[in-house]
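Below is one structure, written out as C-alpha cells; the observations come after it.
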Amino acid sequence: MASDWQPTAEIATLRERARLLARVRAFFAERDVLEVETPVLGRGGSTDVHLDSLCTEARTPAGRERLWLQTSPEFAMKRLLAAGSGPIFQLARCFRDGETGARHNLEFTMLEWYRPGFSLAALIDETEALVRTLLPGRGACRRHRYRALFRQRLGVDPFTTPLAELRRLAGERGGLDMRDADRDGCLDLLISFAIEPHLGREGIDVVVDYPASQAALARHGVDDEGDAVAARFELYVDGLELANGYDELVDADEQAARFAADNAAREAAGKPAVDVDQRLIAALEAGMPEGSGVALGIDRLIQLALGHRELAEVLAFPASRC
Amino acid sequence: MASYSTNEFKGGLKVMLDGDPCAIVDNEFVKPGKGQAFNRVKLRNLMTGRVWERTFKSGESLEAADVLELDMEYLYNDGEMWHFMKTDGSFEQYAVDKRALGDTEKWLKEQVAYTVTLWNDNPISVSAPNFIELEVTETDPGLKGDTAQGGSKPATLSSGAVVRVPLFINEGEVLKVDTRSGEYVSRA
C-alpha cells in the first residue's frame with residue numbers, strides 16, 4: 001500500500017495524547033512520586049509462561065550477550081525500590097512477542113508505579129483516581145471477587161468446580177477442544193470470553209482475589225472462604241483490561257522458586273526458558289520495602305479517553321507500520 | 001504443505017479446517033490480563049461459502065490450503081460442465097461443475113474473464129466480475145417519454161439473470177449490471 005508510511009493516528013489525536021500524558025505526569029508530581037527511566041534491555045526477562053519476550057544480542061565489555069527486551073519495567077523498578085528510591089513511576093516502552101490486534105501492539109507504553117507502604121486497597125483507590133483524571137464523569141467503581149464473577153455469570157466456582165466441568169464449559173463457550181486444558185487455561189478462556197466483555201460497562205470494575213496459581217509476582221493470601229488467593233487486582237473499563245496491580249512479593253527465595261517453576265512450565269509447554277534476572281533476586285535479598293505496584297496500559301486508557309475503538313488510532317505507527 | 005500459526009492469520013489467508021479449504025476473514029487476539037491467549041477467528045469455507053467462527057489457542061497452527069484464484073475466460077457449456085480457459089496465454093482449460101459454479105451461472109457470458117478458485121488444482125468456485133454488460137432478451141415494451149424516473153420492471157438478460165430495470169429499457173439493449181447486488185447500473 002502506497003499510503004502506509006502515514007501514521008494511523010491523526011496528528012490532532014497525537015496532540016491530545018501528549019496532553020493526557022502531561023496530565024499523568026502532573027498526577028504523580030502532585031503526589032511526590034518520582035519519575036524514573038529504566039533500560040528496555042535486560043540480562044533477565046519475564047519468565048511468565050504466557051508472555052513471549054523478544055530478545056537480541058549485543059556486543060558488551062563481557063562479549064556477545066543475549067539481552068531481553070522487557071515485557072514490563074517491573075524488575076528494574078523493584079531494584080530501585082530496594083535501593084531506597086521511595087515511590088516511583090515510569091512511562092515505559094514494553095515489548096511482547098506475538099501480541100497484535102485491536103487492543104494489543106507488539107510494543108506499547110506501560111504506565112507502571114510502585115507505592116512502598118501501600119496496601120493493595122490503597123493502591124486500587126489511587127489507580128481509580130488516576131483513571132478518573134483521564135476519564136472524568138465515569139460511573140461508580142465496584143470491586144468484585146474473581147470467584148463471585150464466575151458464580152454470577154457462569155454458575156461455577158473457579159476454586160471448587162471439578163476440572164471436567166470447567167473444561168466442558170470452556171469448550172462450549174469458546175467453541176474449541178479444551179479436554180486437555182488445565183484449570184487456569186479453562187478459567188482464562190472463561191474470563192476472557194464470558195466475563196471481561198461485561199466489565200466496566202457502566203463505571204469502573206475492579207476484580208480481586210484471583211486464584212493463587214495466577215499470582216505472577218503478587219503475594220499469596222487467603223480469602224474469606226479459606227481458599228488461597230493472589231493479592232492482585234485488575235481494573236476494567238468498557239470491557240478493556242486497563243491495569244494489573246499486586247501486593248508485591250518481597251521474598252527472594254519465593255521469587256526465585258517462582259521463576260524456576262515458570263521456566264519448568266515453559267519447558268513443558270515447549271517454550272524456550274528465559275534468563276532469570278539474578279539482580280532482582282539479589283535486590284530482594286538485600287530487602288525491598290513492602291508495598292504495592294501496578295501496571296496500566298496507557299495506550300488503552302488514552303484510546304478510551306479519546307473515544308477511539310482501536311489502539312492503532314492513538315499510536316503514531318503500530319507494528320504493522322513500524 | 002506449509003502451515004500458519006495464529007499470529008500469522010490475517011484476512012485472505014487460505015487454510016485447511018475440518019478437511020475444507022477456508023479463507024480467513026477476521027482474526028481477533030484475546031488475552032486476559034495475565035494468562036493464556038486465544039485467537040477468535042472467522043473463516044469462510046470456500047466450498048460452501050459459509051462463515052465459521054472458531055477459537056484457537058494462540059500459537060496453534062493450521063495447514064495451508066493450496067488455493068489459487070485465477071482469471072479465466074468463459075468458453076462454453078457442454079451440457080454437463082462449464083469450460084474456462086486461463087488468460088495467461090497458456091490456453092490451459094478447466095471444467096467446472098454445477099456445484100462449483102453456483103449462482104455465477106446466471107452471469108455467464110462468453111469471452112468474459114471470471115475469477116476461478118482452484119483447490120489442489122480443482123475448481124471449487126467461480127466469481128463474476130463486479131460489473132458485466134449483458135443484452136436484454138425479454139422485457140415488457142419500453143414506455144416512451146419515461147426516461148427520467150419512476151417505476152421499474154423485470155428484464156431477462158442473455159445470461160439468464162432477471163434484474164429490475166427502468167421502464168424505458170427495451171429488448172435488445174445492452175445493460176451494465178452489478179453482479180454483487182444484481183442491480184441495473186446503466187445502459188452500456
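Chain A is the first sequence line, chain B the second, and so forth, proteins listed ahead of strands; every chain is numbered from 1.
- To the nearest 0.5 Å, atom CD of residue B:Gln36 and atom CG of residue A:Asp182 are 7.5 Å apart.
- Minimum interatomic distance between B:Lys34 and A:Asp188 (heavy atoms only, all atoms of both residues): O-OD1, 3.9 Å.
- For CD of B:Glu80, the number of neighbouring non-hydrogen atoms (other residues, nucleotides, ligands) closer than 6.0 Å is 12 at most.
- Only the backbone of A:Asp177 comes within less than 4.5 Å of a heavy atom in chain B; its side chain stays farther off.
- Here the OG1 atom belonging to B:Thr55 is positioned 12.0 Å from the CZ atom belonging to A:Arg173, to the nearest 0.5 angstrom.
- Between B:Val30 and A:Ser192, the shortest heavy-atom contact is CG1-CB, 3.6 Å.
- With chain A as partner, the option from B:Lys57, B:Glu28, B:Glu8, B:Glu53 having the largest number of non-hydrogen pairs under 4.5 angstrom is B:Lys57.
- For chain B, no part of A:Ala102 is nearby; none of its heavy atoms comes within less than 4.5 Å.
- Other residues, nucleotides and ligands contribute over 12 non-hydrogen atoms within 6.0 Å of the CD atom of B:Glu171.
- Both the backbone and the side chain of A:Leu189 come within contact range of chain B, with heavy atoms under 4.5 Å apart.
- The contact list for residues 37-51 of chain B toward chain A, using heavy atoms and a distance under 4.5 Å, reads B:Phe38, B:Arg40 by residue number.
- Taken from OG in A:Ser320 to NZ in B:Lys10, the straight-line distance is 11.0 Å, to the nearest 0.5 Å.
- Neither the backbone nor the side chain of A:Asp184 comes within less than 4.5 Å of any heavy atom of chain B.
- Surrounding CZ of B:Arg99 are more than 12 heavy atoms belonging to other residues, nucleotides or ligands, all under 6.0 Å away.
- Within a 6.0 Å sphere centred on OH of B:Tyr184, other residues, nucleotides and ligands contribute more than 12 heavy atoms.
- For B:Asn130, the CG atom is densely surrounded, since the number of other residues' heavy atoms within 6.0 Å is greater than 12.
- Other residues, nucleotides and ligands contribute more than 12 heavy atoms inside 6.0 Å of the CD atom of B:Glu60.
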